[in-house]
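To start, the structure itself, in structure tokens.
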Amino acid sequence: MVEIITTIMGLIQGGLVWANKRSNWIFYCLQYIFLGIFSFTAHLYGDVTNSIFYFCVGITGWIFWNKNKGDTPIRKCKKKERIGYSVIIVVSTIIVYYFLKKTDDPLPLLDALTTTTSYIATFYMVTKKTDAWILWFINDVLYVIEYWLLPEQALYLMILNIIWTFMAVGSYITWNKIYRKQEEQKNETI
């Protein structure tokens, strides 16, 4: 039942963030409360940490997206920033894997990679950068694999991440359109 509630909250949140709506953060927080419970029972301790972190980030996202009365501009990452977050993902994955392999986590490397990539993708989603959706696309594919490989498959969460993979593509396209429109408006005022 917890998995189904998590899936429903995730679908609602995904649709709202795709539409660039601030209310997505309410369902984001609810989703991670339930995902934390699920992850704990599945011994995915990296994902439990993610859920606690994401709940706090959801509150931050709600506040940040309201900072400009819902009109926070969408931006793109520069090449140096992409290199930086790639290095952070690799180094963090190695560190998290080191700790997770000492637990009963059934997939410590995959759990470490999805954990660290999720943090970076979430940061860029909160700060409204289009790279969030590239990272979420990759991460959602990895989560589909993770939930498939679990000893007791998490079918609903796997389906949710399949849907999110497509939503990440849609969000990337939508946010890029908004970004281009912002740039056109900026150039018109100069």
Side-chain angles (χ1 to χ4, degrees), residues 1-18 24-62 85-127 131-169 171:
M1 185 64 169
V2 171
E3 184 183 354
I4 293 170
I5 294 169
T6 302
T7 303
I8 292 167
M9 295 296 117
L11 288 171
I12 294 168
Q13 186 273 334
L16 290 170
V17 75
W18 182 346
N24 89 84
W25 294 108
I26 295 167
F27 293 94
Y28 186 91
C29 288
L30 291 171
Q31 169 197 350
Y32 281 105
I33 289 170
F34 290 104
L35 187 58
I37 294 166
F38 171 83
S39 298
F40 183 77
T41 61
H43 305 284
L44 294 170
Y45 303 115
D47 287 346
V48 171
T49 305
N50 271 355
S51 294
I52 294 166
F53 173 77
Y54 289 151
F55 177 79
C56 296
V57 168
I59 294 167
T60 304
W62 173 262
Y85 72 63
S86 297
V87 169
I88 290 169
I89 288 171
V90 170
V91 171
S92 298
T93 297
I94 292 167
I95 292 168
V96 173
Y97 169 72
Y98 173 77
F99 289 105
L100 291 179
K101 74 177 185 171
K102 296 179 181 187
T103 70
D104 59 349
D105 188 320
L107 303 165
L109 182 59
L110 195 52
D111 193 9
L113 181 57
T114 55
T115 297
T116 57
T117 305
S118 295
Y119 288 155
I120 303 298
T122 300
F123 172 76
Y124 287 119
M125 191 171 80
V126 168
T127 58
D131 286 54
W133 302 112
I134 297 166
L135 293 169
W136 276 126
F137 175 83
I138 293 165
N139 208 53
D140 291 334
V141 169
L142 293 172
Y143 268 120
V144 168
I145 295 166
E146 180 178 279
Y147 290 136
W148 176 260
L149 293 175
L150 278 177
E152 293 181 29
Q153 289 178 349
L155 181 62
Y156 292 107
L157 292 174
M158 185 178 73
I159 291 168
L160 174 62
N161 280 275
I162 290 169
I163 293 167
W164 275 350
T165 302
F166 292 103
M167 290 178 112
V169 172
S171 296

Apply side-chain contact (heavy atoms from CB on, under 4.5 Å) to Ala42 and list each qualifying residue two or more places apart in sequence or on a separate chain. Phe38, Leu44
Leu150 vs Pro106 side-chain heavy atoms within contact, under 4.5 Å: yes
Looking only at side chains, do Tyr85 and Asp131 share a donor and an acceptor under 3.5 Å apart? yes
With rounding to the nearest 0.5 Å, note down the distance linking OH in Tyr28 to CG in Leu35. 10.0 Å
What pairs of residues pass the side chain to side chain donor-acceptor pair (under 3.5 Å) test when at least one of them lies in residues 30-44, not counting sequence neighbours? His43-Tyr45, His43-Asp104
Smallest separation among heavy atoms of Ala121 and Leu135, with atom names: CB-CB, 3.7 Å
Relative to the ring of Tyr143, is the ring of Tyr147 parallel (under 30°), tilted (30 to 60°) or perpendicular (over 60°)? parallel
So do Ile159 and Thr7 actually touch side chain to side chain, heavy atoms under 4.5 Å? no
Leu100 and Val96, any side-chain heavy atoms less than 4.5 Å apart: yes
For the NZ atom of Lys101 and the CG atom of Asp111, what is their distance to the nearest 0.5 Å? 15.0 Å
Using every non-hydrogen atom in the two residues, find where Thr116 and Thr93 come nearest and quote the distance to one decimal. OG1-OG1, 2.7 Å
Output for pair (Thr114 OG1, Leu142 CG), nearest 0.5 Å, gives 7.0 Å
Residue pair Ala168 / Trp133: nearest heavy atoms and the distance that separates them: O-CB, 3.5 Å
Does OH belonging to Tyr156 count more than 12 external heavy atoms closer than 6.0 Å? no
Quick one: pull up CG in Leu109 and CD in Glu146 and give me the separation to the nearest 0.5 Å. 10.5 Å
Kindly indicate whether the side chain of Leu30, heavy atoms from C-beta on, has any atom under 4.5 Å from the side chain of Ile12. no
Are Ile120 and Trp136 packed together at the side-chain level, in the sense that at least one heavy-atom pair is separated by less than 4.5 angstrom? no
When every non-hydrogen atom of Gly14 is compared with those of Trp164, the smallest separation belongs to CA-NE1, 4.2 Å
Between atom CG of Asn139 and atom OG1 of Thr122, what is the distance when rounded to the nearest 0.5 Å? 8.0 Å
Between Cys29 and Ile59 the two heavy atoms that sit nearest each other are SG-N, 3.7 Å
Could you walk me through whether Val144 and Asp140 pass the side chain to side chain contact (heavy atoms under 4.5 Å, CB included) test, one step at a time? CA-CA 6 Å; Val144 168; Asp140 291 334; 5.6 Å; no
Measure the shortest side-chain to side-chain distance between Ile162 and Phe166 over non-hydrogen atoms and say whether it is less than 4.5 angstrom. yes
In terms of heavy-atom contacts, Tyr97 and Ala112 come closest through N-CB, 3.5 Å
In the structure I gave you, are the side-chain heavy atoms of Met125 and Trp25 within less than 4.5 Å of one another anywhere? yes
Distance col, row Phe99:CZ vs Ile95:CD1, nearest 0.5 angstrom, shows 7.5 Å
